[in-house]
Each structure stands twice: as C-alpha cells, then as structure tokens.
2 protein chains.
Amino acid sequence: MTEPTKPLPLAGITVIDLSHIYNGPYATFLMAMAGAEVIKVEPLSGENLRSRGDLGGVALPFAMLNSNKQPVTLNLKSEEGCQLLREMVERADILVENFAPGVMDRLGLGAAALHEINPRLIYGSSSGYGKDGPYRDYPAMDLVMQAMCGVISSTGHPDQPGVKSGAALCDFMAGIHLYAAIMTALYEREKTGEGRVVEVSMQDATYASLASNLGMLHARGEQAPARTGNRHGGLGVSPYNVYATADGHVVLNAPGDHHFRAILDVMGRGELKDDPRFATRTARVQNVEAVDAVIEDWTRGHVRDDVARRMLAAKVPCAPVRELSEVMVDENMHARGQLQWVDHPDLGRVVLMHSPLVFEGTARRPITPSLPMGSCNEVVYGGWLGRSAEELVALRAAGVIS
Amino acid sequence: MTEPTKPLPLAGITVIDLSHIYNGPYATFLMAMAGAEVIKVEPLSGENLRSRGDLGGVALPFAMLNSNKQPVTLNLKSEEGCQLLREMVERADILVENFAPGVMDRLGLGAAALHEINPRLIYGSSSGYGKDGPYRDYPAMDLVMQAMCGVISSTGHPDQPGVKSGAALCDFMAGIHLYAAIMTALYEREKTGEGRVVEVSMQDATYASLASNLGMLHARGEQAPARTGNRHGGLGVSPYNVYATADGHVVLNAPGDHHFRAILDVMGRGELKDDPRFATRTARVQNVEAVDAVIEDWTRGHVRDDVARRMLAAKVPCAPVRELSEVMVDENMHARGQLQWVDHPDLGRVVLMHSPLVFEGTARRPITPSLPMGSCNEVVYGGWLGRSAEELVALRAAGVIS
C-alpha cells in the first residue's frame, strides 16, 4: 500500500456553486470531497431543497449533498449582489448552475459576461433539455425526464402500465455527467490556459442507460415487449429474475452455463445438468418459465440470506433484495468509507455518503456536516472579498446578504 | 456564438481500454468522443458484449458504446501479449479496466507494476463492490447491484413486490463515475506530473440516486413505505403521478401552488382554486387521492400529446410517457447532435448516441461506427509499437493476436 500522503486532487480549486436540488449539488459535492473549496451561494430564502424544511423528508438528502461546502446567501436580483458574484468569479476556477436556460443571461451573469471577467473560468451548467434544442424551455424534473426518456415505459411488468424507477436517476445522471464535463475542461485549461463553457442535459445523460432495452427494440422491432418485469431487458439471459424466498426475495443473474450448473449443485438438483432444456443459454432463454420454476421451487423453502450466502459461495452472481434500511448500514460501503456515521448538528447521528471517486494514495477528506444558511458570509464576503464589518452590516440592511 | 475552432479537450490523450460490457466501455466511449485515441484491447474471442453475437439484442448496445475506438486483439494469457500491453502502457496516458478485483495483479499487470513502467499513467478500474471491502470477491452485475443497493425495493407499487429499474443504472452510474475519477486524476497529473490509481465501485456509485427514498426513511422510520409507485419518493409533492389519457399516459410533477392553479386553468376547473383541499402543497399532499382523481377525470378524456402540449404551454412540468421507439427519434436530442442517424456497416442505418458532455466552442467529433474485432492490429502493433510485418505474422501464428 502507498502511504496516504498525496494532497487531494482538487486542492486549491475554488468553485462557485449556484445550483439547487440534486443535479448541480451532486456535481459540487463530488468536487468538495475531492478537495475543492465549494462556496454554496443561496438566495436569501435558501436553495429549493433547503427551503422545503422537511416536507417529504428532504432534510437527509440536503445533508447528504451539502457536506464540506461553505454556504453564503446572496440576492442576485440586486446589482450589489451581482457585483459580489462577479468578484467571486474573478477569483474562482469553476462556476456551476442548474437554472433553466436563459436565467443567468437575464441576470447579466451569462457565461460570455463572466468570461470577460475571468477567461480561465470553467462555466458548467445543466438543465432538463439543454440550451439549444426545441425543448429548451420545457420545465423539467426527474419524474418528467423519466417519462420523456423512456425510463417509465421500460420499467415494470409487461401486463401492467410502466412505473418510475425509485432512484432519481435522471437528476443524478445529469449531476455526475456535469462533474465529468467540468473536470475534462479543467484538465484542458492546464494545457491551454483557457476556460470553457460546458453543458449537460438530463435528457442526454439518461439515454445510454437504456442500452439493453434499445438493443432489444432494434433486434425485434414491434415484437419487443416495452418492459420485462424483473427479467433481462433484452430477454437474452436466464436465470435472470427476482425469486421469492421464505422471508423475502433474492435475485440471480447467471449468464454462464457454469453458473447454472453451480446453481443446480447448490439446490441439490444435479440430475438436471443433462436436461436439454437447461444445457445452454439459448435453451434456458427458450425455457425461461421452466428455469424460473425450478429455482423458485427451491428458494421458497429457504431464507433469503441463506440462499444468497450459498449462491455467492458457489460464485453465482446473486444478492438479497435489500430494503434501504439495510443498505444504509451496508458493511462493505462502511468498511470502504463511502458511508460514514456522522454527528450532524441538526439531524443527530446519521449515515452520510462520501464520494464514489476513490483516489488511491490519499486519505478521504473528513466529512464536515452541512452548515446553516449563510454560515460563511463573514469568511467569504469579509475574509475573501475584503468587505469590512461596516460594509457587511450595510449589505445586510440592503437585503443583499442575510 | 463562438466559432467552433478549439480542439477537442482530450486531443492528444491515448487510452488503453481493457474493459467490457457497459461500465468501462461507457467511460472510454466518453473519452473517445471528447477527442482521445482509445485503443480497445479485446481477447481473441472478443469482449463479452461483442462475443454474444446478437443474443438478447446486444448488437446495437455494442455499436452505441464502441464508436470512435480502435479495436485490437491481444491474448493477455501469453507472455508476449503482456509484453505488447506493457509497450502500449509506456506510451499511453490512461488505462481502464473493469475486471473483478485481482485479475490484473494475477496477470502481472497490476497498477503498481504498470506505474513502474509509466509513472504518469492514470490507472482507472471499476468493479461491483470495490477492491478493499469484505464483498470484494462477490460477483456483480447490474441486476445484482440493483437488489443489493435498494433500487429494486424502492421501485414499483407499494402493494406488490419491488421491480427492477428498466435502465441499467448501476452499470452506467459506475461508468460515468469512472470517467469522472479519471479526468480528475488527469487534471491533477498536469499539476504534479504524477499518475494515480483511481477506483469506482458500482455499489458506491448508485447510493446517492436513492436520496429521496433515504430521506423519507430517515424522516418516517418504519412508517416509510418501501416504494411509492409513481408517486413522489418522499410523498412530499402533489400533483406527482402518472395519469391515464385516452390513448396512453402522461406525468405531472407540479410542486408549486402556481403550478396547480395553472393545471386547473388548463382543465377548465378554475372553481377549485379556492378549495381548501388543494390550496397549499401540504393540503394537496394530505388530499393526494382527491388531487389525482380530479386530474385523471380530465386527462382520460384527452389524448396524451394534447394533454402534454397544453400543460407545457402553461409552464407545468409535464411529459408524455414515451415508448423507446419515440425516444430514439426524439426531436430535441437529434437537433442537439446527441442522437444521430449513422450508416453502420453491419447494422445498416441506426441511431447512435454522441456524448452528453457538450464542450461549447468545439464542433462534436464526427461519429465513426464501431469496427470489427482486431481491425486496428496493424496500425497499433505495426505502426505504433513498430512490429514488422514478419513479426505480426509470428504473433498471429503464436495466438498472441488474431
């Protein structure tokens, strides 16, 4: 093992974060955990996720996404607010926003204006449909994008209407692509000395994840079922399903003939190894009902974790269908440091996430819990931009900061 | 508009791509579209996705993910094959692999060994559970990860068992996080001159996308439903659902009071604006069945696209629930260049994707369709590594390349 001695990769990078909810804040969360200083700029009412209070349980999501950021308040509808932002931009490396297209331009803070102040700035934005297509002005949120992108029609059982993915995948796919685009431009800036405008739409960012379903549509045309329940999206693998156990469910995803033989050994059904219905993947796909019946006959008589343990010991890709209460305390993610128990000043002892980006040779940045609105107004506007105590009082009185 | 004159951001970067299926290949696809030279190194039998032929409709997914790559074949189980790989590593910037943990070490090609050859190499790997936790040796595939990460238990209707997300989100979340980690390290290398080992697990990469559901679990504990059908993951927004129309379905996701009033206007139900059941978000959440009934009474009498058009015109976040056959020809993604009709030598005229990472000021790299296995053996082993025609013949005869 290398000793964890190298600095974090984004040490020295400063980010102005104007983003809200999940998309942009996930991108800037990853920057913070990779070592950047992230200044979270919120309107005086708080960013949308914070201002909801805990309606719908948003307190934990807010805490998950806003560790290690420095929150300031700023009224961008005042000229003095815009001036403070311009001064931050002068000193920053990256600006991130996920407003609807055109909002920053209307504030006089569009990418072209900010590049005049700082040509080295990386300006990263994300929206539902992007800046330049015919849908640019459609309002977009995760559920809307799941409908528009085909996620809903691809999810659920073939004899029922489609159902959304429980994961907010369009929001988070956009957020991580936005981080990725900005890092690419940051690399480029080291070579060229010039900043960039980069952009990601939620719609573009979701498309690739439906590759299996698009593949089946291409192969079968109108014969392709819109959705396959828990079976393979291309109906090309068996066993591949959710199976009931005595106390819950497991999944098996076992494409290889050796996998199927291993499953038969675990179940004590070695006599079926010579059954022509099960001998090859093609045969198993053709006899998928029989395959699933043989497996579920056995799994129903055993408890979930025992089935999973025995299948994994036989190197069969398998997992219990876990509830989120189990996922939150997952032994593996806690061992890796991706999940950590943190004493949060508002929420008490909670599980927060670190970044999925692991940089070997450097210890993980310790998690600093999310801070109340405007906590860093003094340090940012006073310490960094050089406003005096009297000036801060005047800015507060004028409703520019809080 | 800036004239599209800047080079692509990854121009001059060379990537050795040992990866397979979706996870790693998506990361290297994004590198290729951003301007890198990607050498796709496959075993003599072809990488797993290619070698399946079109079982389960994998031909299009393979084409989607392997545009603009240079495929070579290489037998890494031969010492001469390992030697050729080491020579490529000497000359490359990035190596990507998504083997199970330990495979590269057993081949003598682990990160430490390759960094001795080229200390500037960025070595990026991805696996299901990561290299250093207790689950590191569990086999993992997208369905298995969806079970393990709580995606299945969070998806579907509350009165039915969970169902998988139709999107392969664990695979693609890992792939884009892997790209992101590698770009972060590439930026860092410009500062420090040193390479890095970076790592992403599918499990870590999926967790954040369940933020809403984790938030409701935190807020309500055992009272939290495991899944909410098409309703909000935190049950904190209404209207938020899939609604039947005369010929299909639409979604509405309308958190604001002004959204609800706009919906009432579209439906000609202005008299309900004063109804206390609907006046605030809190009231609507408490009366969610009544809200959904009022809306669906109206939507059932209208056709899908007409409902969507009228709601969008009133600035209500809305979308038709589209089939993938509609998504593939989406007007907005085609206008942006994210989707393009391409004449593919094997597949004919198909829709392929570009990268969701938009770098303004540079034209998109033209899509070059995926190539047959080993197409670039001569140019890579001959032209780049300097093997003579006679040496190539000998390598083929020895089963090192094909």
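What's counted below: heavy atoms across the whole structure, side chains too, no hydrogens, waters or symmetry copies. In the text below, chain A, chain B and the rest are named by the order of the sequence lines, each starting its count at 1.
Between A/D142 and B/N253, the shortest heavy-atom distance links the atoms N-ND2, 4.4 Å. Taking all atoms of both residues into account, the shortest heavy-atom contact from B/E360 to A/R196 is O-NH1, 2.8 Å. Scanning all heavy atoms of the two residues, the minimum distance from A/A226 to B/E323 falls at CB-OE1, 3.6 Å. Considering all non-hydrogen atoms of both residues, A/A319 and B/A147 come closest at CB-CB, 4.1 Å. In terms of heavy-atom proximity, B/A208 sits nearest to A/M353 at CB-SD, 3.6 Å.
In this structure, chain A has a heavy atom under 4.5 Å from the backbone of B/L252, while its side chain stays farther away. Interface remark: B/H177 contributes backbone and side-chain atoms alike to the contact with chain A (heavy atom separation under 4.5 Å). Proximity to chain A is limited to the side chain of B/P255, based on heavy atoms less than 4.5 angstrom apart. With a threshold of 4.5 angstrom between heavy atoms, A/Y179 approaches chain B through side-chain atoms but not through N, CA, C or O. If you measure heavy-atom distances from B/Q160 to chain A, the contacts under 4.5 Å come from the side chain alone.
When each of B/C318, B/G175, B/A59 is checked for heavy-atom pairs under 4.5 Å with chain A, B/C318 comes out on top. Counting heavy-atom pairs closer than 4.5 Å to chain A, the top-ranked of the candidates B/A111, B/A308, B/A335, B/S212 is B/S212. By number of non-hydrogen pairs under 4.5 angstrom with chain A, the leading residue of B/E188, B/M328, B/R322, B/M183 is B/R322.
Side-chain contact between A/R281 and B/R52 is present, with at least one heavy-atom pair separated by less than 4.5 Å.
Residue pairs meeting the side-chain hydrogen bond (donor to acceptor under 3.5 Å, both in side chains) criterion with at least one member in residues 147-156 of chain B: none, sequence neighbours excluded.
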Does B/Y207 form a side chain to side chain contact (heavy atoms under 4.5 Å, CB included) with A/D330? I'd like the steps, not just the answer. CA-CA 11 Å; B/Y207 188 82; A/D330 174 84; over 6 Å; no
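Listed by chain and residue number, A/F172 satisfy the ring-ring contact (aromatic ring centres under 6.0 Å, His included) test with A/Y22 (two or more places apart in sequence, or in another chain).
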